[in-house]
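In what follows, a single structure is set out as structure tokens and then discussed.
Here the structure is a predicted model, which means the values were calculated and not measured.
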Amino acid sequence: MAQECSIRGYVETIVFRNEENGYTVLRLSDDEKKSSVVGFFHYVNPGQYIEAWGHYSEHPVYGSQFNAERYEIKTPADVEGFKRYLGSGIIKGIGPALASRIVDEFGEDTFRIIEEEPECLAKVKGISHKKAQEIGVLFEEEKDMRDAMVFLQKYGITINLAVKIYQRYGGGLYDMINDNPYAMAEEISGVGFKTADEIAEKVGIPKESDCRVRSGILYILSQAMSEGHTYLPEDMLIRRAAEILQVPEDMVSKARMDLTIERKLIVKEYNGLCCYDARFYYMEMNVASKLYELSDLYQIKEDVLDRRIAEVSGEEGITLDDKQITAVRESFRNGITVITGGPGTGKTTTINTIIKCYEAEQFDIVLAAPTGRAAKRMTEATGYEAKTIHRLLEAGGISEEGGGFARNEDYPLEADLIIIDEMSMVDISLMNSLLKAVVPGTRMVLVGDVNQLPSVGPGNVLKDIIESGLIATVKLDHVFRQARRSDIVVNAHKINAGEVPEVDNKSEDFFMLKRYTPDVVIEVMRILISEKLPGYLDCKPADIQILTPMRKGNLGVERLNEVFQQYMNPPEYGKNEKELFGRIFREGDKVMQTKNNYRLEWEITGPYNIPVDAGVGVFNGDMGIIKTVNTYAELITVEFDDGRCVDYTYKDAEELEHAYAVTIHKSQGSEYPGVVIPLLSGPEMLMTRNLLYTAVTRARRCVTIVGDEKTFEKMIYNDTERVRYTGLCRSIRDVMTERRMTD
């Protein structure tokens, strides 16, 4: 191991800095030589004088460099150092020329003058009395900020979070860290319980402290939200908290009661006590209330409507079955109508008929879906523009916690009819935001397949609305003759019914290739995607999607993306790439956005690169291709499926991951020409019927399963669904029963 040594000097330039974790490459000058230094410098700027401890190493490309393991910011040692520091731009309004005049005037007494007698700066040409005072204040603020960054750095806090903490608490952050660091977990976005807990342990706060237990309860509820729940049963919450926090259950019970008194936690009686994070309780109640407000009954002329349906059917050359006709009628009779059904049951035909009938009445119609792919498919199927729900609500510039949408109660949507497709993907938060923007008198039609996986986010909105029994619902269950020609449709319905399809590979669109080891499965998938399926389906290899049940393991997303990046987009001369966050982003890579980002700007260009549309907001599950990697500007440009182009800074690129393979859950709302599904083994709770059903129904023209036929059969027989603790169904019943009694 290299012997530790130290290096001193002035920071000449910052070559690279990862703003999230503070990893920095800088040039250090000690007047005799210049050195490349790498390390985690959370708050260092050009002009500052530092001492760093570490060791030298030889980089194969960049040569000798100093690897800093720790550092200190030092006071400049001489007048030249003062000039460099003040002229670095660290204090707004002081550039190199003014810095030189200040130091020439006060010499080695410069810093004392700025700190203690800033009014004396007015002696310098170009500095007024007002500006002199401002410089003194800014100098002190910079010093306080720098000291705070160094202090917080000891606890492993990133520079971005450190800035947030300083902005929130100022000089009070020291007391907060020592007394109750858990306050940060509640008050600052990006600071989680684990970070606060690590800090608390370092400063000596005991495990049994009340603030730790209370924060731990809220953390466990937030973890439950990531599992899809909107609440947890009280006994489960207390048991989990006691186990994770390693404290007695009675201590957790007391903290739970304190949080309830403060209304940070809501407890309801649903066959036992149920504990909500207050935000999600009010979301469910608001959704239930809005559904009641929108669920008006309308008087319609049956004969007139039936003639209209017949006219539309004749014009479009279609024949509707009784359930489809009922769905059209219900959409006119009810303020809220749910239409559900599997593939091939005529949901799209029904939507088109509803649109034509409403259009004949000169109603303003709005179409939307949860994802860009689903909206694009809805547009292609109906001939009418469909937007993502986020674009419909005009997302932009605000954090999701703050709502993130311009459209709300004060600026509602202007529409007579709103049709939302792929409702199984809509979580309680998005549904709450959508309904806030819908005024009573607007009709809504909610369309989806209730047998698909529930939303990635918390809630089970479509299923809960249907199970409430109080919202008009039509289930389409007749598979039309044309759809029955597709084995994808036929086998999807068999899988949903718990029947094992006969897969003899005589089908034109549904295949099972039996392979039993991970490496062989991968090689077969490579041949399918790069050689066989593109010609068979007349599409590009990138159009064929690998869908896998899990993230980890030999056939999980993480390994498959590494392997298939090398197969499908290997490095080439002239093809730019950048390694970030342990991943190589290369021009031509297929990528996916992994979280909602309401501030990223996008642009759609037409012929000759003329902008035709622009906005903000990129959302979890959006998929696209990396068009350029600009190493000079440190930007990665992604073109998404719907034509939006987004410039990602290297920091923002942390929200991207490769998408040659995606989890089946992430594929919801999408449709691909062909899907390839590797199936060997996996946890029983994950390898379920509705997971397989969702994967199969993502394919438009071809499904190929590669793996063990026994695993395929086990998944079909495994009809267990992961329990989601949600209260929307009960909330709808409670609200509607109460309101109808008082109306």
Side-chain angles (χ1 to χ4, degrees), residues 17-24 39-44 53-54 67-73 144-227 232 237-249 251-252 254-256 258-259 264-265 277 399 401 581-582 594-595 651 654-655:
R17 171 177 283 153
N18 181 324
E19 295 293 348
E20 182 63 24
N21 61 22
Y23 180 78
T24 304
F40 292 89
F41 295 91
H42 292 271
Y43 195 66
V44 165
W53 291 264
N67 296 275
E69 295 169 2
R70 56 194 174 91
Y71 73 94
E72 287 183 7
I73 299 173
D144 290 346
M145 179 81 158
R146 185 185 68 213
D147 292 345
M149 297 302 106
V150 172
F151 174 76
L152 293 171
Q153 177 188 309
K154 294 189 300 185
Y155 300 106
I157 295 173
T158 66
I159 184 65
N160 280 357
L161 282 183
V163 170
K164 285 184 180 181
I165 292 168
Y166 182 78
Q167 289 173 341
R168 172 67 177 80
Y169 298 105
L173 70 87
Y174 303 98
D175 289 337
M176 181 274 300
I177 291 289
N178 288 311
D179 297 339
N180 181 17
Y182 298 101
M184 293 187 296
E186 292 185 40
E187 297 172 359
I188 299 178
S189 173
V191 179
F193 171 79
K194 289 186 175 180
T195 299
D197 207 33
E198 289 172 4
I199 295 171
E201 184 177 8
K202 289 177 181 177
V203 299
I205 294 175
K207 286 185 177 181
E208 296 79 12
S209 70
D210 184 58
C211 61
R212 178 175 185 267
V213 179
R214 287 152 53 96
S215 183
I217 290 172
L218 295 176
Y219 164 72
I220 288 161
L221 279 176
S222 73
Q223 292 299 103
M225 306 307 113
S226 69
E227 297 168 10
L232 283 180
L237 174 63
I238 290 175
R239 188 169 62 251
R240 283 190 186 184
E243 181 179 341
I244 291 172
L245 300 175
Q246 296 181 316
V247 298
E249 289 190 2
M251 188 173 289
V252 178
K254 178 185 178 300
R256 195 279 291 166
D258 291 341
L259 288 168
K264 291 181 179 179
L265 190 147
D277 180 307
S399 69
E401 291 79 4
F581 318 110
T594 60
K595 63 188 293 187
K651 173 183 176 294
E654 189 172 16
E655 297 177 3

Task: Partners meeting ring-ring contact (aromatic ring centres under 6.0 Å, His included) with Y169 (sequence neighbours left out) - done: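 Partners of Y169 by the ring-ring contact (aromatic ring centres under 6.0 Å, His included) criterion come out as none, since no residue qualifies.
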- [ ] Tell me, with the steps shown, if M176 and I165 meet side-chain contact (heavy atoms from CB on, under 4.5 Å).
- [x] CA-CA 10 Å; M176 181 274 300; I165 292 168; 4.1 Å; yes
Would you name the heavy atoms of [X] and [Y] that are closest together and state the gap between them?
| X | Y | value |
| --- | --- | --- |
| E208 | V247 | CA-CG1, 4.3 Å |
| V252 | V213 | CA-CG1, 4.0 Å |
| N178 | I205 | O-CD1, 3.8 Å |
| I177 | M184 | CD1-CE, 4.0 Å |
| R239 | E249 | CA-OE2, 4.1 Å |
| I217 | R256 | CD1-N, 3.6 Å |

Open item on the list: Atom CD of residue position E201 - does it have more than 12 heavy atoms of other residues, nucleotides or ligands inside 6.0 Å?
Closed with: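 Result for CD/E201: open.
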Task: More than 12 heavy atoms from other groups under 6.0 Å of CD on E227 - done: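 Atom CD in E227 is crowded, with more than 12 foreign heavy atoms closer than 6.0 Å.
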From [X] [atom1] over to [Y] [atom2], what is the distance, rounded to the nearest 0.5 angstrom?
| X | Y | atom1 | atom2 | answer |
| --- | --- | --- | --- | --- |
| D277 | L232 | CG | CG | 10.5 Å |
| E198 | K202 | CD | NZ | 6.5 Å |
| S215 | N180 | OG | CG | 8.0 Å |
| R214 | F193 | CZ | CZ | 13.0 Å |
| L237 | L221 | CG | CG | 5.0 Å |

Open item on the list: Under a 3.5 Å distance rule, please check whether R212 uses its side chain to pair with a backbone N or O of K207 as donor and acceptor.
Closed with: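 Looks like yes, one N/O pair under 3.5 Å.
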TODO: Taking salt bridge (charged side-chain N to carboxylate O under 4.0 Å, His left out) as the test, write out the residues that go with D258, two or more places apart.
DONE: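 Residues passing salt bridge (charged side-chain N to carboxylate O under 4.0 Å, His left out) with D258: K254.
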Less than 4.5 Å apart, side chain to side chain, heavy atoms only: is that true for [X] and [Y]?
| X | Y | answer |
| --- | --- | --- |
| T594 | E654 | no |
| Y182 | I199 | no |
| L245 | Y219 | no |

Open item on the list: I need the full list of ring-ring contact (aromatic ring centres under 6.0 Å, His included) pairs touching residues 195-216, with sequence neighbours left out, sorted by first then second residue.
Closed with: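 Not a single pair qualifies under ring-ring contact (aromatic ring centres under 6.0 Å, His included).
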